[in-house]
Amino acid sequence: MATVRTRYAPSPTGYLHIGGAWMAFFNWLCARSQRGAFILRIEDTDRSRSTEEYERAILEDFRWLGLDWDEGPDVGGPVGPYRQTERGPLYRRYARALVDAGAAYPCYCTPQELEAEREAARRQGRPYRYSGRCRHLTAADRARWEAQGRQPTIRLRVPDLGGPIVVADLIRGNVEFDPAHLDDAIIVRSDGTPLYNFANVVDDHLMRISHVIRGSEHLSNTPVQWLIYRALGWTPPAFAHLPVILGPDRRKLSKRAAATALRDYRREGYLPEALLNFFALMAWHPDPEREVYSLSELVERFRLEDLGRASPVFDQAKLTWLNGVYMRELLQRNPQRVVDVCLEILQETGLVEGERSPDVRAYVARVVAVLGDRLKVGRDILVYGDFFFTDQVRYDPQAVRQHLQGPAVVRSLSVLRDRVAGVEALDRATAESLVRGVAAELGLHSREVIHPVRVALTGKTVGPGLFELMEVLGRDRVVARLDRAVAWLRAPEAS
RNA sequence: GCCCCCAUCGUCUAGCCCGGCCCAGGACACCGGUCUUUCAAGCCGGUAACGCGGGUUCGAAUCCCGCUGGGGGCACCA
């Protein structure tokens with residue numbers, strides 16, 4: 001049995017896109033489920049947009065996600081190099097073979113001339129097609145152009161096949177294309193660098209890729225590639241064109257409609273394992289009665305044929321829910337991971353500065369423990385617990401209106417302040433008896449004290465249990481914040 | 001405009017290939033209830049879909065045709 005080899009071939013023109021990560025994941029799953037190889041190839045032939053920095057970032061994003069590769073630009077491999085800009089000689093060799101065989105030809109039209117043709121077509125409202133001017137140039141014609149100093153591109157000559165091109169797609173079946181609709185595509189730029197359709201075919205073949213799993217936006221490229229395989233006498237790999245992930249606006253996921261870079265999700269405090277699990281729920285669903293799977297289960301259950309054809313809409317609410325499932329489980333099994341995720345966010349927002357000392361970690365761990373199930377994504381530590389990390393508590397106006405109104409409030413806060421100041425240490429049991437004691441004393445229902453105190457201490461109406469939160473804050477900070485709240489209530493403008 | 005793809009609850013999907021077990025199952029979201037000092041989580045319950053029109057058939061979400069709708073592609077980008 002031939003070895004399964006899949007690849008993901010990002011072009012380093014930006015950070016790893018969420019859709020790209022999803023696509024790469026299915027390639028990875030396909031390889032891992034068949035004990036095959038997963039290859040990373042950098043498609044950087046567009047020199048004007050590619051950067052080394054993005055290449056590094058993409059590799060880093062993959063590492064964070066937890067997808068490993070067997071061959072790639074950093075680790076090398078038997079069929080390298082794995083960066084297209086380093087494969088120039090290979091492309092030149094096969095381009096020449098194509099030209100020699102008459103399957104391709106040099107084209108001397110300039111970008112400006114082609115653009116003018118396109119523009120003319122647009123004006124006349126007819127579809128643009130290459131004029132074919134250079135299709136039948138004689139040696140003399142060529143010499144004349146060359147003498148003028150024109151550097152030719154190389155175009156694929158679409159042959160007369162006398163029938164449709166049939167692309168056998170593993171998830172879409174046979175898709176037919178009429179070659180009459182195909183243009184002689186440029187496969188090599190005038191500067192000698194290859195274009196996507198060509199480099200892709202050469203690389204996939206030379207790298208012995210068995211399954212090309214990619215987005216359906218490439219489906220219409222496939223007949224051109226198919227012609228190149230044919231002209232070179234190569235057997236095309238198996239194709240599987242997955243649907244494209246749509247944004248909430250039902251268009252191809254774009255920056256405008258949602259966060260698109262994988263690292264945006266990392267920055268929000270999503271977990272890689274939750275993301276991968278979520279990926280498996282788009283255009284797939286191993287078991288419709290279940291949502292949560294371990295990675296190894298996904299590898300075990302993966303079957304290319306089970307993938308769907310319809311474009312899924314990226315549902316961030318469901319991702320967040322799933323992340324919450326993982327966070328809760330992690331809280332039990334490995335709370336330090338949750339601490340790490342939260343620390344990353346706290347440091348980025350400047351609420352925690354400097355080294356991640358054991359003390360800092362211990363403190364964050366206490367906060368995390370107290371926040372518990374409220375942490376669905378790392379960023380929730382800010383939503384529910386920013387006050388643990390700053391004394392600059394901002395009172396939510398809504399909360400003030402609801403709970404800091406009326407004369408009883410100042411009184412209960414003041415009384416509580418003195419009681420708290422009087423204790424040795426403020427553990428949660430002490431906090432509770434103090435708060436309830438004050439309520440009873442003043443003839444108030446306990447919630448009539450609890451709510452104002454919460455707002456005074458945290459600025460919010462939402463968050464962890466009051467007594468636990470007081471314990472973490474500690475006596476001195478509680479006293480200081482009660483003081484500040486009382487002062488502010490007496491003269492709101494001053495503060 | 002041309003080419004190609006797709007079509008089940010608001011969203012992700014199961015069922016479709018091999019018609020009856022489906023007056024369509026699960027999950028997220030939403031709504032209600034419960035627990036409770038708030039929120040979150042949990043638990044219980046609810047609303048909600050086979051795009052439309054023709055066939056075929058005793059019977060169609062499932063097969064066929066048309067329509068409509070949505071998406072992708074039409075670069076010296078990938």
Side-chain angles (χ1 to χ4, degrees), chain A residues 9-11 13 43-46 48-50 84 107 109-111 114-115 118 121-122 125-129 151-155 167 169 172 175-178 180-183 185-191 193-197 199-200 214-223 241 243-244 246 248 250-252 278 281-285 287-292 308-322 324-325 327-328 371-376 380 383-384 399 402-403 432 435-436 439 445-451 453-455 458 460-467:
Chain A
S11 73
T13 55
E43 306 219 330
D44 55 353
T45 61
D46 184 352
S48 64
R49 298 196 301 149
S50 303
Q84 289 187 328
C107 169
C109 301
T110 64
L114 294 172
E115 185 45 46
R118 242 190 306 275
R122 202 171 317 143
R126 59 182 167 80
Y128 166 74
R129 303 228 39 202
Q151 292 295 315
T153 61
I154 293 175
R155 278 188 192 268
V167 173
D169 189 287
R172 275 162 219 277
V175 184
E176 298 194 357
F177 296 88
D178 183 349
H181 294 293
L182 260 35
D183 245 1
I186 296 176
I187 57 173
V188 178
R189 293 183 181 87
S190 51
D191 68 1
T193 58
L195 253 51
Y196 167 76
N197 274 139
N200 211 259
R214 61 191 359 172
S216 64
E217 69 262 37
H218 293 293
L219 188 52
S220 47
N221 285 319
T222 314
H241 287 93
V244 175
L246 268 25
R250 298 200 133 275
R251 319 206 105 242
K252 203 166 146 183
F278 178 67
L281 267 25
M282 285 189 290
W284 192 29
H285 210 121
D287 173 351
E289 308 286 301
R290 257 179 76 193
E291 314 297 313
V292 184
R309 290 165 295 275
S311 297
V313 171
F314 188 84
D315 183 1
Q316 192 166 349
K318 186 154 185 173
L319 167 61
T320 301
W321 165 79
L322 194 54
V325 172
M327 288 286 262
R328 260 174 269 145
L371 253 22
D373 291 348
R374 272 160 281 249
L375 295 169
K376 291 202 286 291
D380 285 335
V383 174
Y384 294 109
Q402 269 181 308
H403 300 298
E432 176 157 11
V435 170
R436 294 198 191 279
H445 190 101
S446 58
R447 75 169 68 95
E448 292 176 277
V449 175
I450 286 172
H451 290 318
V453 173
R454 171 186 298 286
V455 178
T458 73
K460 309 171 193 293
T461 56
V462 301
L466 181 66
F467 313 125

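Remember, predicted model here, so these are calculated numbers, not experimental data. Chain naming here is simple, since letters A, B, ... match the order of the sequence lines and numbering starts at 1 in each.
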Under 3.5 Å, is there any donor-acceptor pair linking the side chain of A/K318 to the base of B/rA27? yes
Open item on the list: Quiz question: going by heavy-atom distance under 3.5 Å, is there a donor-acceptor pair between the base of B/rC5 and the side chain of A/S216?
Closed with: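 Answer is no: no donor-acceptor pair is held.
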Rounded distance (Å) that lies between atom [atom2] of [N] and atom [atom1] of [X]:
{"X": "A/H445", "N": "B/rU38", "atom1": "NE2", "atom2": "P", "result": "9 Å"}
{"X": "A/Y128", "N": "B/rC76", "atom1": "OH", "atom2": "P", "result": "7 Å"}
{"X": "A/E217", "N": "B/rC6", "atom1": "CD", "atom2": "C1'", "result": "14 Å"}
{"X": "A/E289", "N": "B/rG26", "atom1": "CD", "atom2": "P", "result": "7 Å"}
{"X": "A/L114", "N": "B/rC76", "atom1": "CG", "atom2": "P", "result": "6 Å"}
{"X": "A/R172", "N": "B/rC6", "atom1": "CZ", "atom2": "P", "result": "6 Å"}
{"X": "A/F177", "N": "B/rG73", "atom1": "CZ", "atom2": "P", "result": "14 Å"}
{"X": "A/R447", "N": "B/rC35", "atom1": "CZ", "atom2": "C1'", "result": "14 Å"}

Hey, does [X] reach any base, or is it just sugar-phosphate, or nothing, if we go heavy atoms under 4.0 Å?
{"X": "A/T110", "value": "base"}
{"X": "A/S11", "value": "sugar-phosphate"}
{"X": "A/H181", "value": "sugar-phosphate"}
{"X": "A/G215", "value": "nothing"}
{"X": "A/E115", "value": "nothing"}
{"X": "A/C107", "value": "nothing"}
{"X": "A/L466", "value": "base"}
{"X": "A/D315", "value": "base"}
{"X": "A/P312", "value": "sugar-phosphate"}
{"X": "A/P464", "value": "base"}
{"X": "A/K252", "value": "sugar-phosphate"}
{"X": "A/H218", "value": "base"}
{"X": "A/F467", "value": "base"}
{"X": "A/N221", "value": "base"}

Is the backbone of [Y] close enough, under 3.5 Å, to the side chain of [X] for a donor and an acceptor to pair up by distance?
{"X": "A/D287", "Y": "A/E289", "result": "yes"}
{"X": "A/H285", "Y": "A/R290", "result": "yes"}
{"X": "A/R436", "Y": "A/S446", "result": "no"}
{"X": "A/S311", "Y": "A/V244", "result": "yes"}
{"X": "A/K318", "Y": "A/F278", "result": "no"}
{"X": "A/R118", "Y": "A/Y128", "result": "no"}

Rounded [atom1] spacing from [N] to [M] in Å:
{"N": "B/rG53", "M": "B/rG15", "atom1": "P", "answer": "26 Å"}
{"N": "B/rC65", "M": "B/rU56", "atom1": "C1'", "answer": "11 Å"}
{"N": "B/rC50", "M": "B/rC44", "atom1": "P", "answer": "28 Å"}
{"N": "B/rG70", "M": "B/rU62", "atom1": "P", "answer": "22 Å"}
{"N": "B/rA61", "M": "B/rC52", "atom1": "C1'", "answer": "14 Å"}
{"N": "B/rG10", "M": "B/rG45", "atom1": "P", "answer": "23 Å"}
{"N": "B/rC43", "M": "B/rU36", "atom1": "C1'", "answer": "14 Å"}
{"N": "B/rC2", "M": "B/rC63", "atom1": "C1'", "answer": "31 Å"}

Tell which nucleotide pairs with [N], taking only Watson-Crick or G-U wobble pairs whose two distances are both under 3.5 angstrom.
{"N": "B/rU11", "value": "B/rA27"}
{"N": "B/rC63", "value": "B/rG55"}
{"N": "B/rG42", "value": "B/rU34"}
{"N": "B/rG69", "value": "B/rC6"}
{"N": "B/rC17", "value": "none"}

Considering only [options], which nucleotide approaches the side chain of [X] most closely?
{"X": "A/D46", "options": "B/rG42, B/rC12, B/rA78", "value": "B/rA78"}
{"X": "A/V313", "options": "B/rC12, B/rG25, B/rG1", "value": "B/rC12"}
{"X": "A/V462", "options": "B/rC76, B/rG42, B/rC39", "value": "B/rC39"}
{"X": "A/R250", "options": "B/rC12, B/rA78, B/rC3", "value": "B/rC12"}
{"X": "A/R251", "options": "B/rU37, B/rG72, B/rC76", "value": "B/rG72"}
{"X": "A/A317", "options": "B/rC39, B/rG42, B/rC28", "value": "B/rC28"}
{"X": "A/H285", "options": "B/rC5, B/rG42, B/rC12", "value": "B/rC12"}
{"X": "A/R374", "options": "B/rC39, B/rG71, B/rU37", "value": "B/rC39"}

Could you tell me whether the phosphate oxygens of [N], OP1 or OP2, come under 4.0 Å of any side-chain nitrogen or oxygen in [X]?
{"X": "A/R189", "N": "B/rC77", "answer": "yes"}
{"X": "A/R309", "N": "B/rU13", "answer": "no"}
{"X": "A/T193", "N": "B/rC76", "answer": "no"}

*With A/T153 as reference, evaluate A/L114, A/I186, A/T110 under the side chain to side chain contact (heavy atoms under 4.5 Å, CB included) test and give the passing residue.*
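For A/T153, the side chain to side chain contact (heavy atoms under 4.5 Å, CB included) check succeeds only for A/I186.
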Comparing nearest nucleotides in RNA chain B, the 5'-proximal residue of the pair A/R49, A/K376 is A/K376
Closest non-hydrogen contact found for A/L182 with A/R129 is O-NH2, 2.5 Å
Minimal heavy-atom distance between A/H218 and A/Y196, with the atoms involved, is ND1-OH, 3.0 Å
> Between the side chains of A/R454 and A/T458, is a donor N or O closer than 3.5 angstrom to an acceptor N or O?
Replying inline: no
